[in-house]
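To start, the structure under review is shown below, and the notes come after it.
Numbered from 1 within each chain, the chains take letters A, B, ... in sequence-line order.
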Amino acid sequence: MKIIAKDREGNEHELEGRDGWTLMEILREGGLGVAAECGGACACATCHVYLTDGWYEKLPPPSEAETDMLDMALGVEPNSRLSCQITLDESMDGIACTVAPE
Amino acid sequence: MNEPIETDVAIVGAGPAGLFAVFELGLLDLKAHLIDILDRPGGQCTELYPEKPIYDIPGLPTVTGQQLTDRLMEQIKPFSPQFHFGEMVTGLTKCADGRWKLTSDAGTEIVAPVVVVAAGGGSFMPKRPPVPGIEAYEGRSVFYAVRKMEDFRGKDILIAGGGDSALDWTLNLAPIAKSLTLVHHRDGFRAAQHSVNRMRELVDAGKVKFHVASVKALHGENGVLSSATLAGADKQEFQVAAAAFIPFFGLTMKLGPIADFGLKLTDNLIAVDTAKFESETPGVFAIGDICTYSGKVKLILSGFHEAALMAQAAFHICRPNDRLRFQYTTSSSNLHKKLGAS
Ligand SMILES: Cc1cc2nc3c(=O)[nH]c(=O)nc-3n(C[C@H](O)[C@H](O)[C@H](O)COP(=O)(O)OP(=O)(O)OC[C@H]3O[C@@H](n4cnc5c(N)ncnc54)[C@H](O)[C@@H]3O)c2cc1C
Ligand code: FES
């Protein structure tokens, strides 16, 4: 499964997603500069991304815990998500995102 | 500036690793001072997950981040560690007599033969919102915490965020402000419900303005703020008066000055040997999340183990002429005396 991720400089990267991994893990491994300080525990908001190309609408909505933690993220937009809370599966092939500013 | 403090061991960071180090050092009669930029002990445990249960602390089937910290504080009490909270360690230099000197941004100086860096993921620093030029206003008009309420009396105050800090300070500052505007990216809050209700009452009474918006630009001169441009959910921009801007987006960890201590770093972690947990700089040790070696796992229990071995090595540096006698806490009356458990 493909992941299209734009880094903070605006460069586009095509990463290989893995079923059962979180989007945060793929972005971190891919060297996109996602700090993910809490390691995916929904406790730090440093894995903030914007879902693009209509992917925000395609995914199930964020949980209440994620919505709450997004309050601690910077530059939140209507398409903001915490990438550690998105567990990849085959239906997300081609998912597109932009890493949010630090 | 105060006189330098002299002690056996100076510890950077009061997270679980730094706290347990006090215990292991104390058993060997070594005294410690700790510096942490936070205003309380516990590091990640109390800052990031005070209420969450931890399940992998040996012998404690479940314990929250706050409870573990409280228990560590109780365990190290007999050794009277000295804490310097709210201070960032900014310098590490070698003294003429071979000891180390740690300095903080508050002017504290600690001279000790051994330094232990237990800095975890780095200093907890406030998150800076992505507003162009915000740095120029920091300290004069932009603040990440409220230290003295009086400084804000009679001012146009702009607060951003949706957590307890943002709400609490909205409620506390509204009565003394000339005007108070709260901005948040949604009309929902992760703060205590009674604070949210109270804030809404103040909005209805016209004492607080609330906008679902984000701060796009700051306007002023020479670091003195006069107004801010906000953008609402519809992207429409508008201006509000603001002499002080207080963003509350929590904290993030930044390695900070430790990067310039001249220690050997691997991916921003301090490389240590696994017998002593000493860095390549003699007398400077690293334990907990900040240290790295083959097989390192960032767990609290690893930090505890590293602290125990570090203490043995630190003893030989601090007391070069003394013999280290290995003793169990269960059976040594000498240790019982130190722990006040006779
Ligand atoms: C959400 C979450 C869940 C976790 N769950 C578990 C778990 O279940 N089990 C487990 O074993 N681990 C868990 N961890 C990891 C665990 O919290 C860390 O391994 C542990 O906190 C590391 O301890 P430490 O003392 O090395 O560093 P930290 O806890 O990071 O403390 C370091 C301290 O040093 C201070 N500091 C750094 N630099 C400076 C400076 N220059 N000046 C002043 N102060 C400075 C920092 O402010 C901080 O307070 C979890 C972590 C998170 C975020
Ligand atoms: S990694 Fe911390 S919230 Fe996602």
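Residues B/Arg190 and A/Glu64 are not paired through a salt bridge, judged by the lack of any N-O separation under 4.0 Å between the basic side chain and the carboxylate.
Applying the 6.0 Å contact sphere to CD of B/Glu51 captures no more than 12 heavy atoms from other residues, nucleotides or ligands. For NZ of A/Lys6, the number of neighbouring non-hydrogen atoms (other residues, nucleotides, ligands) closer than 6.0 Å is 12 at most. By the 6.0 Å contact criterion, CD on B/Gln66 is enclosed, its count of non-hydrogen atoms from other residues, nucleotides or ligands being greater than 12. Within a 6.0 Å radius of CZ in B/Arg71, no more than 12 heavy atoms belonging to other residues, nucleotides or ligands are found.
Neither the backbone nor the side chain of A/Ala100 comes within less than 4.5 Å of any heavy atom of chain B. Contact annotation for A/Thr67: both backbone and side-chain heavy atoms come within less than 4.5 Å of a heavy atom of chain B. In this structure, no portion of B/Ser214 lies under 4.5 Å from any heavy atom of chain A. Looking at B/Arg128, the atoms closer than 4.5 Å to chain A (heavy atoms on both sides) all sit in the backbone: N, CA, C or O.
The most heavy-atom pairs under 4.5 Å with chain A, out of B/Pro129, B/Gly121, B/Gly250, come from B/Pro129.
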Where do B/Lys235 and A/Glu77 land on the salt bridge (charged side-chain N to carboxylate O under 4.0 Å, His left out) test, with the steps shown first? CA-CA 10 Å; B/Lys235 305 267 175 217; A/Glu77 298 289 342; 3.0 Å; yes

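Between A/Leu74 and B/Lys127, the shortest heavy-atom distance links the atoms CD1-CB, 4.0 Å.
Residues A/Asp71 and B/His185 have side chains in contact (heavy-atom distance under 4.5 Å, counting atoms from C-beta outward).
Rounding to the nearest 0.5 angstrom, the gap separating the CE atom in A/Met72 from the CG atom in B/Leu48 is 12.0 Å. Once rounded to the nearest 0.5 Å, the distance linking SG of A/Cys38 with NZ of B/Lys52 reads 7.0 Å.
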